[in-house]
Amino acid sequence: MNFFSKFNQFYMHNPRLERERHLLVPIVLIIILFTVIIFRAPHLFSSDGIGGAIIVISPLILAALALTPIALVGRGGIDLSVGPLIGFINVSLVAWLVGNGYTSPFLVVSYVLGAGILYQVIVAAIIIYIRVSPIIVTLSGYLVLTGVNLTIMDRPSGVSPEWMYEWGYGAEILSPIFFILSGMIIIWFLFSRTVFYQQILLTGADERMAFASGVNTVAARFGAHIMGGIFAGMAALTYTALISSGDPTQGNTYTLAAITAMILGGTSPAGGIGGGLGSVLGSINMYMISYVLSSFNFGNVSGFVTQASTGVILALSLLINSLMNKKVEKL
């Protein structure tokens, strides 16, 4: 029996992979938030509003997509270091490349992709060959990169490449950031239609069964991290365009935001359940939650209200997804 036959047999007997119920919560939530915004803050649907939203939300969407394949491949692989990684690529790009006059678009894009991939390959190698828990490895990476970022740049400074200056204005919908984001989403769509992606899902759902079915689980894990590095690199590029400079600390905030967006989109940290569409929807929901709450006047506690509301919605989505998965497993 070849791999495809074994995979199909396993797929048909595994409700966790058979049904894409993880999208129910983010879809329902996005409909509710859209309805509220229509009445509370309709400016979002104007050209300026959409253009501004795209530039703000792009780093979060790409960061959430960077986390998704790593989570899907299993072992509780939540990359806690994705925020500092974005920050590292940002400050090193501004300090090392732009600061020394290396600003060609090809060189900049090659650098951000290469840095993201190299870091994730190192993380994957430690997890696979040294057999350290992913959460320990990525937490260590979080701490190391945070310190390295402050060493490279002790405070916000520098400028982005000159050809990137106007990207962060958010004055039009069809901006370079829009095309970058659209291109990366298309890449994810094509990637999710490959056999290799199915191997990642199978590895995350049951690594022993995947290995027995002929899946190269080591390659699947490396591939998931490489894809994560590609999306993290592009997240750093759009983040650099957003702030038009280098900042050693603000990138860290994307760790919790991206994890929240990914889980809100229905991707399970345990692996095997979820996908890129859910992470995109989760990121959009995160932005719209903040946008809706900003239309109310909460005074000095506005930040607290935003965080508390996001936490409550995340907890409810986890509960609903957990109940749905248990129901499916009984079928």
Side-chain angles (χ1 to χ4, degrees), residues 20-34 37 44 52-73 76-87 116 138 142 177 180-182 184-185 187-189 192 224 227-236 238-239 242 250-271 273-294 303 306-322:
E20 298 290 338
R21 296 195 174 190
H22 63 279
L23 294 176
L24 176 61
V25 172
I27 289 175
V28 171
L29 182 59
I30 207 169
I31 292 173
I32 295 173
L33 290 171
F34 261 116
I37 288 175
L44 178 62
I54 290 172
I55 182 64
V56 172
I57 201 174
S58 291
L60 177 58
I61 291 177
L62 295 175
L65 286 174
L67 291 176
T68 303
I70 299 172
L72 289 176
V73 82
I78 297 292
D79 185 3
L80 300 177
S81 63
V82 68
L85 175 59
I86 291 172
T138 58
Y142 180 100
I177 295 296
I180 290 175
L181 179 62
S182 299
M184 295 307 296
I185 291 176
I187 289 174
W188 177 273
F189 176 80
S192 67
M227 287 302 298
I230 291 173
F231 281 93
M234 296 309 293
T238 57
Y239 170 69
L242 173 64
Q250 286 303 309
N252 295 10
T253 61
Y254 282 99
T255 291
L256 290 180
I259 292 173
T260 303
M262 183 192 71
I263 295 177
L264 189 59
T267 296
S268 171
I273 299 177
L277 178 58
S279 295
V280 172
L281 293 177
S283 301
I284 295 173
N285 279 325
M286 289 278 291
Y287 177 79
M288 291 200 299
I289 289 170
S290 298
Y291 196 88
V292 168
L293 292 175
S294 68
T306 300
Q307 293 180 352
S309 300
T310 304
V312 170
I313 292 173
L314 177 61
L316 290 176
S317 68
L318 285 171
L319 177 61
I320 294 171
N321 284 325
S322 177

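Numbers here are sequence positions counted from 1. Atom set for the values below is all heavy atoms of this structure, side chains included, hydrogens, waters and symmetry mates excluded.
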Self-check item: Check against side-chain contact (heavy atoms from CB on, under 4.5 Å), Ile86 and Thr255
Solution: CA-CA 9 Å; Ile86 291 172; Thr255 291; over 6 Å; no

Exercise. Take Leu33 and Ile289, measure what side-chain contact (heavy atoms from CB on, under 4.5 Å) needs, and give me the verdict at the end.
Key: CA-CA 7 Å; Leu33 290 171; Ile289 289 170; 3.8 Å; yes

Quiz prompt | Full working for side-chain contact (heavy atoms from CB on, under 4.5 Å) between Leu181 and Thr238 | solution = CA-CA 9 Å; Leu181 179 62; Thr238 57; over 6 Å; no

Quiz item: Could you go step by step and tell me if Met288 and Leu29 meet the side-chain contact (heavy atoms from CB on, under 4.5 Å) rule?
Solution: CA-CA 10 Å; Met288 291 200 299; Leu29 182 59; over 6 Å; no

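How far CG of Leu256 is from CG of Leu80: 8.5 Å, rounded to the nearest 0.5 Å. Note that the CZ atom of Phe189 and the CD1 atom of Ile185 stand 12.0 Å from one another [nearest 0.5 Å]. Ile284 contributes atom CD1, which lies 4.5 Å from atom CD1 of Ile30 (distance to the nearest 0.5 angstrom). Note that CD1 of Ile187 is 12.0 Å distant from OG of Ser192, once rounded to the nearest 0.5 Å.
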In a table with atom names and distances, give each donor-acceptor pair under 3.5 Å that connects a side chain of residues 55-73 to protein atoms at least two apart or in another chain.
residue	atom	partner	partner atom	Å
Ser58	OG	Ile54	O	2.6
Thr68	OG1	Ala64	O	2.7
Thr68	OG1	Ser279	OG	2.6

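A pairwise comparison of heavy atoms in Trp188 and Leu277 identifies NE1-N, 4.4 Å as the closest pair. Nearest heavy-atom pair across Leu44 and Ala53 is CD1-CB, 4.0 Å. Shown here for Pro84 and Tyr142, the closest heavy-atom pair between the two residues is CG-CD1, 3.4 Å.
Scored by the side-chain hydrogen bond (donor to acceptor under 3.5 Å, both in side chains) test, Ser81 finds Asp79, Tyr119 as partners (sequence neighbours excluded).
Remark: the backbone N or O of Gly274 is not paired with any side-chain donor or acceptor of Ser268 at under 3.5 angstrom.
Residues Leu264 and Pro26 have side chains not in contact (no heavy-atom distance under 4.5 Å, counting atoms from C-beta outward).
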